[in-house]
2 protein chains.
Amino acid sequence: MGLGARIRGLRENVNLTQKALAEKLNIPHQNLSNYERGFRQPDYETLKKIADFFEVSTDYLLGHSSDTKTVVQEEKTSYNVTDDPDLQIAFKDASDFSEEARRQAIDFINYLKEKEKAKGRKNINTDND
Amino acid sequence: MGLGARIRGLRENVNLTQKALAEKLNIPHQNLSNYERGFRQPDYETLKKIADFFEVSTDYLLGHSSDTKTVVQEEKTSYNVTDDPDLQIAFKDASDFSEEARRQAIDFINYLKEKEKAKGRKNINTDND
DNA sequence: TAACTAAGAAATTCTTAGCCC
DNA sequence: GGGCTAAGAATTTCTTAGTTA
């Protein structure tokens, strides 16, 4: 997923039109259209404006998500379920989610759990599906 | 402090010359010189290469938010894990996942996180003009 | 050697207007 | 209204070579 798709996704999540968002960012809406379709790339100033507006990192917008370890390194709690720092952070993030998002996170993890189980049992079945 | 100063600082920290770093980044050393002096701005691809090389975030390079490398972490006092027992269980489960599945879980939660942030912003800009 | 500067070439983006659904 | 496209203008960057300490 590229920069354009991320901008578009964020914009649609807040139900803004290109023109409306462009106005808030003080840029022509044609430019925003070009950014979202990947035909142009905003300069750094505009990139930061977009990141600020949506309160996301530029790493996220640029798809530089490969950790960057920029995150809060908190001490391990007594309730330490994992050694994976990224998972810990995700866990804490999810704790602050709305109930709906929390539910989605739980569902997805349960889905992965089933998948993991199936993987562990791969020798049992000869073929399926 | 701008992008150029940050790049220069990182480079000097590892005792590399402009030419040596430029070679590792596969760019002309003149370009690097222009970046460091703030006369030119690297494209996103080069920016990410620089961030990867020094293992810093693009946010740090762009001066978008302080973090990474030299800087200390922001504190997040909220320590309460969660009240949601289902979420606790889900994360205990996730702790035992394979690395691949754990990564998928983290990615999905990060995705939800962006969505949550965007939604929170949504209420602020409902009507205008 | 290390770093900076200059100038024409090349590439990218911006602006303005118009088009489609 | 909402979003996309086109073409010339404007701006920025790249390349190559030369300069300075």
Side-chain angles (χ1 to χ4, degrees), chain A residues 1-54 56-64, chain B residues 1-54 56-64 70 114-115 118-119 121-129:
Chain A
M1 186 165 62
L3 168 62
R6 285 195 163 83
I7 295 175
R8 174 161 296 181
L10 290 166
R11 175 175 63 80
E12 290 179 340
N13 266 337
V14 295
N15 292 316
L16 283 177
T17 66
Q18 287 184 348
K19 287 181 184 175
L21 174 58
E23 189 161 341
K24 290 175 183 296
L25 298 173
N26 282 307
I27 61 172
H29 68 271
Q30 287 94 336
N31 290 11
L32 182 56
S33 172
N34 280 320
Y35 298 155
E36 290 190 358
R37 287 175 303 129
F39 281 73
R40 301 282 188 278
Q41 303 203 304
D43 57 31
Y44 289 147
E45 194 185 356
T46 305
L47 182 77
K48 286 193 282 187
K49 271 201 278 187
I50 294 170
D52 282 335
F53 182 84
F54 291 114
V56 299
S57 68
T58 59
D59 285 281
Y60 171 75
L61 290 177
L62 297 178
H64 189 245
Chain B
M1 184 167 64
L3 168 61
R6 285 195 164 84
I7 295 175
R8 173 162 297 182
L10 290 166
R11 176 176 63 80
E12 291 178 341
N13 251 7
V14 294
N15 290 316
L16 283 178
T17 65
Q18 286 184 351
K19 284 184 184 174
L21 175 57
E23 190 161 337
K24 290 174 184 294
L25 298 172
N26 281 308
I27 61 172
H29 68 272
Q30 286 92 337
N31 290 11
L32 182 56
S33 172
N34 280 320
Y35 299 155
E36 290 190 358
R37 288 175 303 131
F39 281 74
R40 302 282 188 279
Q41 301 201 306
D43 57 31
Y44 289 146
E45 194 184 356
T46 304
L47 183 77
K48 286 194 281 188
K49 271 200 277 187
I50 294 170
D52 282 336
F53 183 84
F54 290 112
V56 300
S57 68
T58 59
D59 286 279
Y60 170 74
L61 289 178
L62 298 177
H64 181 241
T70 57
E114 303 301 334
K115 234 174 121 180
K119 259 184 199 164
R121 201 81 170 88
K122 177 180 179 179
N123 297 328
I124 300 175
N125 51 37
T126 40
D127 61 46
N128 257 331
D129 60 67

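Because the structure is a prediction, the values reported are computed rather than measured. Chain letters run A, B, ... following the sequence lines, proteins first, then strands; residues in each count from 1.
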Problem set entry | Given B/Glu36, B/His29, B/Glu23, the one that forms side-chain hydrogen bond (donor to acceptor under 3.5 Å, both in side chains) with B/Gln18 | B/Glu36
Exercise. Do the non-hydrogen side-chain atoms of A/Leu32 and A/Ile7 ever get within less than 4.5 Å of each other?
Worked result: yes
For this session: Look at B/Ser33 and C/dA3 and indicate whether a side-chain polar atom (N or O) is within less than 4.0 Å of OP1 or OP2.
Result: no
Problem set entry | d(CD, A/Glu36; P, D/dC4) in whole Å | 7 Å
Seminar exercise, completed: B/Ile7 atom CD1 is separated from C/dA3 atom P, nearest whole Å, by 14 Å
Exercise. Under the side chain to side chain contact (heavy atoms under 4.5 Å, CB included) criterion, do A/Leu61 and B/Tyr44 qualify, and how do the steps go?
Worked result: CA-CA 11 Å; A/Leu61 290 177; B/Tyr44 289 146; over 6 Å; no
For this session: State, with a plain yes or no, whether a side-chain heavy atom of A/Lys24 is found less than 4.5 Å away from one of A/Leu16.
Result: yes
Exercise. Can you check the B/Asn31 CG to C/dC4 P distance for me, whole Å?
Worked result: 13 Å
Problem set entry | OP1 or OP2 of C/dC14 under 4.0 Å from side-chain N/O of A/Tyr35 | yes
Problem set entry | Value in whole Å for how far the P atom of D/dG2 lies from CZ of A/Arg11 | 10 Å
For this session: Could you say whether A/Glu12 or B/Gln30 is positioned toward the 5' end of DNA chain D, judged by the nucleotide with the nearest heavy atom to each?
Result: A/Glu12
Exercise. Mapping B/Gln18 and A/Asn34 to their closest nucleotides on DNA chain C, which lands nearer the 5' end?
Worked result: B/Gln18
Problem set entry | Flag side-chain contact, heavy atom, 4.5 Å: B/Leu47 against B/Leu62 | yes
For this session: Mind calculating the distance between CG (A/Leu47) and P (C/dT13) to the nearest angstrom?
Result: 13 Å
Exercise. What nucleic acid atoms does B/Pro28 come within less than 4.0 Å of, heavy atoms only: base, sugar-phosphate, or nothing?
Worked result: sugar-phosphate
Exercise. Taking CD1 from A/Ile27 and P from D/dG3, how many angstroms apart are they, rounded to a whole number?
Worked result: 13 Å
Problem set entry | Whole-Å distance separating the CG atom of A/Asp43 from the C1' atom of C/dA11 | 16 Å
For this session: Send over the distance from B/His29 NE2 to D/dC14 P, rounded to a whole Å.
Result: 14 Å
Problem set entry | N/O (side chain, B/Arg40) to phosphate O (OP1/OP2, C/dA11) under 4.0 Å | no
